[in-house]
Structure formats: structure tokens, C-alpha cells
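Computation of the quantities below employed the complete heavy-atom set of this structure, encompassing side-chain atoms and omitting hydrogens, waters and symmetry-equivalent molecules. Residues take their numbers from the sequence shown, with the count starting at 1.
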Amino acid sequence: MWQQRVFIGNMQRFCLVEIGSATSAGDVLNMVDGQGALDQTPGSGGWMLWEVSQDFGMERPIRNFEMLNDVCGAWNSDKTINLLVIKKTLLAPLLSSKAIPSSSPTCRGYVQWEYKRGKWQKRWMELREHSLWLSKRDTGKDATFLCSLNNFDAFYVTRVHKAPKPYVFSVKSTDSLTYFEDTSDYVHVFSCGESEGKNWLEKILLARSYVLYQERHVVSASAAAAATGGSSSASAALQRSGTRKRPAQPLVNVGAPKSELTAPTTFEPAAGSLLARR
């Protein structure tokens, strides 16, 4: 357990909450709401906890079922500049556990990709198989793997960027920066039109929600069933159906063996034949 400041709204006030290994973002919202710090007046959007990554100038909404130990554990412990903020957002219904899609979303289109700080290239980007791929042409034949949403998430870029398009967003690793030999692989920044950028953000956030649900529910349920030796719907679906026995029968029809063939008892050779001469 540790104590964490959670800022509210415009960051002029905060609440102090205790966070443990099993504390989710939804638990923090309930604790802060229990202190009477959240205004429940009906309005647009809903309250969500946000991760503010000030070292990279970006932020993202934290889903209510995400564990804060994983979120805060990826922060740089040498710098205490990242923080948690509660604020209202229209993404709250989209990122709820009830809105998790039944399959991983897909998306494709041209974006400007910052391949080097201040240097941009036009690339065709595809979101498929909860991963991002880049290629020079929309055929996708030369597509190269960029990152997987198993350990990346979508972020709003809050720091001013000199970008070729008006809307800027990014995907950043949810792991610690110390795991990366090349820091350029840790965060990827994109630029495009506003409507396209918002659509990209929603699709990537939903794809990440799908991955988290699969990890926490489907995989964990299968592992628990295997550990206990019990049967579950997942294991039952993987059971092999019993082999049906067929009656024994020959592959081809064969006649009676030669020993069973009956020979004629009398034999009279035809007149004039060689046998008749003997």
C-alpha cells in the first residue's frame, strides 16, 4: 500500500488515497466520490481517472478495470512529475467494461508519422490483430510492424508539436522505459486531420480494451481451470469429440480361396485334340 495524490478537475485540489496491488481505477473513483469530492450533476461524459505523463507531454484515460499498480509501476521513479487526475470525458461510456468489443477493431488510412524528432513521413497505417503496421502505399505489401497493443496504449498529446497536420496523437508503451534499448521505440507520434485523429484514438483505445479483457478474463480463467483440474466453458470447448467405431469390413470384395474352388470330377478331351491322342 502507498498513498497517492489524485488531483480533481483543474488540479487546484486533490484527495489522498491509498493504493495497493489490487486497487483499480474504478476503486479510486469510488473512494474519491465517497469523500464527496466529485460533482454528480448530470452532464456530458462521465468521470474517469487519467494518467498524465508530463515527461512526454501526453495523457490518457485509465479504464476502470485497470490496475493502478501496473500504471504507476511503469513511471520513472527518479522523476516525480507524472500524476493522476480525475476529470470528465465523453470517452467514459466507450471505455467501460460493457463496451468491450467482441473482436479486435480495425482501422486504416494515411497519417503523418514522426520517424525522428521534428521529421515526418506520410505513411499508410493499419490497425489489425491489435497491432499497428506502417507501409508506404495503401496496398500494404511493404507493411512493417510498429508496435503491439499488448503493451502500448493511445495517448492525447498535450505538449505543442510542430506537425504537418492539425491533430496530433500518439501511442506509448505501458512498460517502463528501462526495458527499451532505443528510446524511439517507446513512443510513436502521428499527425492527421481532426476527425481522422479522433477516430484513430477511439479505435486504438477500444483495441487495447479488448486486449486487456482477453488477458484478465479469458486467459486467466483458462489458467485457473487448468490449475484446479476443473471443467469450464473454455476447456469444454476444446475437448475432442469421441471417436465413433465403425463395423469391421473388408476394403475390397474377394472371392473364395483357390483351395475352395471345385474341379470337375470327369474330363473328356475333344476328338482330334492333343490330349485325345494320348
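No side-chain heavy atom of I19 sits under 4.5 Å from any side-chain heavy atom of N69. Between L127 and T106, the closest side-chain pair of non-hydrogen atoms is not below 4.5 Å. Looking only at side-chain heavy atoms (C-beta outward), W133 and R128 come within less than 4.5 Å of each other. A heavy-atom distance below 4.5 Å is found between the side chains of V32 and V17. Contact of the S96 side chain with the N64 side chain is not registered, since no non-hydrogen atoms from C-beta on lie closer than 4.5 Å. Side-chain contact between K165 and Y167: absent, with no pair of heavy atoms (C-beta onward) separated by less than 4.5 Å. At a threshold of 4.5 Å between non-hydrogen side-chain atoms, the residues T158 and V52 do not count as touching. Put simply, the side chain of C192 reaches to within 4.5 Å of the side chain of F169, judged on heavy atoms.
Interatomic distance, S209 OG to I100 CD1, rounded to the nearest 0.5 Å: 6.0 Å. Taking CD1 of I62 as the start and CH2 of W50 as the end, the distance is 10.0 Å to the nearest 0.5 Å. Q112 contributes atom CD, which lies 9.5 Å from atom CZ of R123 (distance to the nearest 0.5 angstrom). In this structure, L84 CG and E59 CD are separated by 12.0 Å, a value rounded to the nearest 0.5 Å. The CZ atom of F155 lies 4.5 Å from the CD atom of E51; values are rounded to the nearest 0.5 Å. The CD1 atom of I8 sits 4.5 Å away from atom CZ of R13, with the distance rounded to the nearest 0.5 Å.
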| said: Quick one, R5 with L16, criterion side chain to side chain contact (heavy atoms under 4.5 Å, CB included). Give me CA distance, side-chain angles, the key distance, then yes/no. | reply: CA-CA 5 Å; R5 284 185 178 184; L16 204 60; 3.8 Å; yes
key: side chain to side chain contact (heavy atoms under 4.5 Å, CB included) between R208 and I204, worked out   = CA-CA 6 Å; R208 172 66 176 166; I204 296 174; 5.6 Å; no
Go through the steps for R108 and M125 under the test side chain to side chain contact (heavy atoms under 4.5 Å, CB included), then give the verdict.
CA-CA 6 Å; R108 56 182 58 87; M125 187 163 71; over 6 Å; no
Next item on the list: Mind running side chain to side chain contact (heavy atoms under 4.5 Å, CB included) on M58 and V187 for me, showing each step along the way?
Entry: CA-CA 10 Å; M58 52 191 62; V187 58; 3.8 Å; yes
| message | Go through it in stages, so that I can follow the logic: the residues are D55 and S53, the test is side chain to side chain donor-acceptor pair (under 3.5 Å), and I'd like the CA-CA distance, side-chain angles, deciding distance and then a yes or no. | response | CA-CA 6 Å; D55 48 356; S53 180; 2.7 Å; yes
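For the residue pair L206 and A99, the shortest heavy atom distance occurs at CD2-O, 3.9 Å. The minimum heavy-atom distance linking P61 with M48 is given by the pair CB-CE, 3.8 Å.
A search for ring pair (Phe, Tyr, Trp, His ring centres under 6.0 Å) contacts involving F7 returns F14, not counting sequence neighbours.
Note on residues 15-42: no pairs pass ring-ring contact (aromatic ring centres under 6.0 Å, His included), not counting sequence neighbours.
A donor-acceptor pair is defined here as one N or O able to donate and one able to accept, closer than 3.5 Å; no such pair exists between the side chain of S184 and the backbone of D182. Between the E18 side chain and the M1 main chain, no donor and acceptor come within less than 3.5 Å of each other.
A continuous path of ILVMFWY side-chain contacts below 4.5 Å connects W113 to L132, so both sit in one hydrophobic cluster. Follow the hydrophobic side-chain contacts under 4.5 Å out from L201 and you reach L91 in the same cluster. By the rule that hydrophobic residues join a cluster once side-chain heavy atoms approach within less than 4.5 Å of another member, W200 and L149 end up as members of one cluster. Following chains of ILVMFWY side-chain contacts shorter than 4.5 Å, one cannot reach L134 starting from Y110, and the two form parts of different hydrophobic clusters. A continuous path of ILVMFWY side-chain contacts below 4.5 Å connects I86 to W75, so both sit in one hydrophobic cluster.
Counting heavy-atom neighbours within 6.0 Å of Y179 OH, excluding the residue itself, gives a total of 12 or less. Within 6.0 Å of NZ on K87 lie more than 12 heavy atoms contributed by other residues, nucleotides or ligands.
The pair D153-R63 counts as a salt bridge, with a side-chain nitrogen and a carboxylate oxygen less than 4.0 angstrom apart. For the pair K198 and E202, the salt-bridge criterion is not met [side-chain N within less than 4.0 Å of a carboxylate O].
Aromatic ring centroids of F56 and Y186 lie under 6.0 Å apart.
Partner of L49 under the side chain to side chain contact (heavy atoms under 4.5 Å, CB included) criterion, out of L68, V71, V85: L68 alone.
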